[in-house]
Each structure stands twice: as C-alpha cells, then as structure tokens.
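Quick notes on the structure that follows.
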Amino acid sequence: MREKATYVQPGTEFNRDMNYIPDRITREARKPEFGPSDVPLWPVEPGRYRLVAAAACPWANRAIIVRNLLGLQDVISLGLAGPTHDARSWTFDLDPGGVDPVLGIERLQEAYFKRYPDYPRGITVPAIVEETSGKVVTNDFPWITHDFFHEWTDFFADDAPDLWPRALREEMDEVNQRVFTEVNNGVYRCGFAGSQEAYDAAYSRLFAALDWLEERLSGQRYLVGDQLTESDIRLFTTLARFDAVYHGHFKCNRQKLVEFPALWAYARDLYQTPGIGGTLDFDQIKQHYYVVHTDLNPTQIVPAGPDLSGWDEPHGRESLGSDLGISRRRG
C-alpha cells in the first residue's frame, strides 16, 4: 500500500488509516458469510477483475501469494506497479511505455478517480480494478485475500491449499490480530514514531511479539495447526522484509531475523514453498522503502546490504510437520 499517514509527526505515534473502499466480490454477489456485508457487492466472474499489486509492498505481496497458491492466475489478472512512487500514486513504470497493458493507465490513481473523482485517501495496493470500466472495486486488503479463498472456490487449482480450515478459524482470528497489530503494523510504529517515547513503546511491543512467535514456532512448523494457512502468509511478508528494510530503516534493531533460530528457519521454509518465495524481489523492496520514505531517508541512498543469500539454505523443519504442510482441497 502507499502509507496513508507515514510522515513522521513530531511527538506522536504512528496510526494507520484503516478506512478502505469496502466493496466485496462474492459468488453471485451474495451476502458474504464472514466480515462486513452491508457494503456494495460485486459478482465473482473470471476475466472481469485485475489485481493491481507491487512486489515491494508487504500487503500487496500477500494478495499475490494467495492468488498463486489457489491457482487463480487465469481468472484474475495481475498488474504490477513499480517499487517507487510519488505523493500521488503508484505508477506502472515496469511496463513498456509506463502504461498498464490491460487498463491502459500510467497511474493507479486513474482507476480510483474513475470511480471517485475526489477520492480523498491514499492510492494503495493491493487494489482490485474492473477491467472493462477501469474503475477500482476495492482496496480493502484483509478482505481481498479472504474473499479469494471463500468466494472463488469454483476456480481453484485441484491442489489448492485450505488456507482457512474451518476447525482453525477461531484461533486464526486471534493469532492474525496479534500478528497484525504487533508485527505487521508494529514495524511501522517503530519506523514512523514521532517521539522517543513512542518509539520505545513500539520497539518493546514488536520484540515481545517476535519472542512469542519464536517460542511458538520452536515446537510447531506452522503458525496455526499443522498446515500452511493464511496466518503464515500474513506473517511471512513482514519477516521477508525484516533484515532488508525494517532492521535498519525502521530501527527494529534488537536483532535480525537471521538471529532468531526458529523464525529464520520458519521463514526459509515458507520461502521455499512453491508460489511464495518467487514473489519476492529484494531489490524492489529496498528501493521502495529507502527511496519513497524521504522523511526517514532524505538522501534516498539504497544500502548495498545486508547479505540476503541464505534464503535457499535447508530449513530443517520437516520433522515438525508434513513435507509442504499444505492441506489440499478441491473447489
């Protein structure tokens, strides 16, 4: 996403604006079983929607991974913005001529303005855009991936994993909430703290959560249950950026990911799972944070390090679960 209040406000703590376009895409535009339902509903329809994401963004990376694992590549197209953007919008500078080949636009902002000419908030990824109208449908990132799983089942690959096992959903909700507030968002609270007191509090909360995760994952292969779930994907996209960006750029520097034995092995396990590791581009990740966040890095110098060559090393976690830890299901 493009952070919607990232600039450091002296004397304050970072608060993420969680107001997004709330529309949902559901089977036959039905009322969804989970989550907000008193919102505009759009029907599941192959070929109608385009997921606009960016490899640099952890929230968008989650959507790319879920789309891959479920096998939705042929029914939901993917547009990728470049790693850097200005105050206006993500741009399609990776595409020939700087134009998305399907939507025909240079800036994601254009899709937002086609639907809301005076859209007042940040232009964020991931976003779902209707291909024919070019209008944004939703940018509500937690529900985009949730609905990929619950509403697009007719189009899953035969070996698609059960990312939301019914028996684990209550525990997943609890774990996801703690991971989001303390880790996914916790690194940002450190990086964009506006006072020493706010930073110290954020730092303590972040590493308390990482210590909890280290202990939890020392005895089990996956975050919830004995299989890969969306809870793992939500945590992974932050862990994958920890040493490359958050440790230095966001001052989350008590220790690196590689210095947590269980968390580092767990992250490598997920990275080596088909459909996950290949979505990462560490160069784009570093370019995004160090170039875009000029309030934190006014020189826009992108560091050469750290050494990120260890992701393919054996993780040794096979004894804690099945080979891939993926519970297979058919649509």
Side-chain angles (χ1 to χ4, degrees), residues 1-2 20-29 40-83 85 89-116 119 123-161 163 230 233 237 274-281 284 288 331:
M1 70 181 59
R2 185 173 74 80
Y20 295 96
I21 300 169
D23 300 35
R24 307 279 298 274
I25 301 173
T26 64
R27 188 183 295 111
E28 299 177 347
L41 301 175
W42 301 63
V44 164
E45 185 179 323
R48 180 170 177 174
Y49 305 104
R50 187 163 180 80
L51 169 64
V52 178
C57 171
W59 320 95
N61 193 182
R62 178 198 305 183
I64 297 171
I65 291 171
V66 171
R67 173 180 172 272
N68 282 356
L69 293 178
L70 298 179
L72 296 175
Q73 296 93 325
D74 292 336
V75 296
I76 303 171
S77 68
L78 176 65
L80 289 174
H85 58 70
S89 174
W90 293 88
T91 57
F92 296 100
D93 47 289
L94 300 178
D95 292 308
V99 175
D100 180 273
V102 172
L103 301 175
I105 58 177
E106 297 180 351
R107 293 175 172 272
L108 180 57
Q109 183 185 56
E110 296 176 53
Y112 280 70
F113 285 176
K114 280 187 179 180
R115 186 167 177 201
Y116 301 107
Y119 187 73
I123 307 300
T124 66
V125 292
I128 301 290
V129 179
E130 185 180 38
E131 292 187 2
T132 54
S133 70
K135 296 179 179 180
V136 67
V137 174
T138 180
N139 64 343
D140 200 347
F141 71 92
W143 295 105
I144 287 175
T145 53
H146 194 278
D147 290 342
F148 278 177
F149 178 77
H150 286 285
E151 304 296 338
W152 291 80
T153 54
D154 290 342
F155 306 98
F156 284 2
D158 289 342
D159 60 351
L163 295 178
E230 188 169 319
I233 299 165
T237 58
I276 297 182
T279 67
L280 293 180
D281 187 316
Q284 288 194 34
H288 171 66

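The first residue of the sequence shown is numbered 1, and numbering continues consecutively from there.
- Below 30°, between 30° and 60°, or above 60°: for H288 and W90 the angle between ring planes is below 30°, a parallel geometry.
- Between the R67 side chain and the Q73 main chain, a donor and an acceptor come within less than 3.5 Å of each other.
- If you take SG on C57 and CZ on R62, they are separated by 9.5 Å, rounding to the nearest 0.5 Å.
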Starting from the C-alpha separation in whole Å, work towards a yes-or-no answer on side-chain contact (heavy atoms from CB on, under 4.5 Å) for L108 and V125.
CA-CA 9 Å; L108 180 57; V125 292; 3.6 Å; yes

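- You'll find the ring centres of W143 and H150 outside the 6.0 Å limit.
- For the residue pair D93 and P83, the shortest heavy atom distance occurs at OD2-CD, 4.4 Å.
- With 3.5 Å as the limit, one finds a donor-acceptor pair spanning the side chains of T279 and N61.
- For the pair W59 and T237, the minimum side-chain heavy-atom distance is 4.5 Å or more.
- A salt bridge is defined here as a Lys NZ or Arg NE, NH1 or NH2 lying under 4.0 Å from an Asp or Glu carboxylate O, and D147 with R27 fails to meet this definition.
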Run the ring-ring contact (aromatic ring centres under 6.0 Å, His included) check on Y119 and F113 step by step: do they pass?
CA-CA 6 Å; Y119 187 73; F113 285 176; 7.6 Å; no

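- Inter-residue side-chain proximity for F155 and V44 is flagged as met; some heavy-atom pair is nearer than 4.5 Å.
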side-chain contact (heavy atoms from CB on, under 4.5 Å) between Y116 and I21: does it pass, once the steps are laid out?
CA-CA 10 Å; Y116 301 107; I21 300 169; 3.8 Å; yes

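- The minimum heavy-atom distance between I105 and F92, with the atom names listed, is O-CD1, 3.4 Å.
- Here the CD atom belonging to E130 is positioned 10.5 Å from the NZ atom belonging to K114, to the nearest 0.5 angstrom.
- Here the options are L78, V137, D100, the test is side-chain contact (heavy atoms from CB on, under 4.5 Å), and the partner is R50; only D100 passes.
- When the options D95, I64, V52 are evaluated for a side-chain contact (heavy atoms from CB on, under 4.5 Å) with L80, the one that passes is I64.
- Counting only distance, with no hydrogens or angles, the side chain of Y112 and the backbone of K135 share no donor-acceptor pair below 3.5 Å.
- Remark: side-chain polar atoms of E151 are not paired, donor with acceptor, to backbone N or O of F148 under 3.5 angstrom.
- Relative orientation of the F149 and F156 rings is tilted, given thresholds of 30° and 60° on the angle between their planes.
- For the residue pair A63 and P126, the shortest heavy atom distance occurs at CB-CB, 4.1 Å.
- Of the residues listed (T138, N139, L103), the one engaging V129 in a side-chain contact (heavy atoms from CB on, under 4.5 Å) is L103, and it is the only one.
- At a cut-off of 3.5 Å, with distance as the only test, a side-chain donor of T145 or E230 sits close to an acceptor on the other residue.
- A salt bridge is absent between R48 and E131: the closest approach of a Lys/Arg side-chain nitrogen to an acidic carboxylate oxygen does not fall below 4.0 angstrom.
- Taken to the nearest 0.5 Å, the CG atom of L94 stands 8.0 Å off from the OG1 atom of T91.
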Report the C-alpha distance between I128 and I144 in whole Å, list the side-chain angles of each, state the deciding distance to 0.1 Å, and finish with yes or no for side-chain contact (heavy atoms from CB on, under 4.5 Å).
CA-CA 8 Å; I128 301 290; I144 287 175; 4.1 Å; yes

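- Taken from OG in S89 to CD in E106, the straight-line distance is 10.5 Å, to the nearest 0.5 Å.
- Look at D140 and R24 and you find no salt bridge, because none of the NZ, NE, NH1 or NH2 atoms lies under 4.0 Å from a carboxylate O.
- Scanning all heavy atoms of the two residues, the minimum distance from A54 to G82 falls at CB-O, 4.4 Å.
- Counting heavy atoms from C-beta on, the side chains of T124 and Y20 come closer than 4.5 Å.
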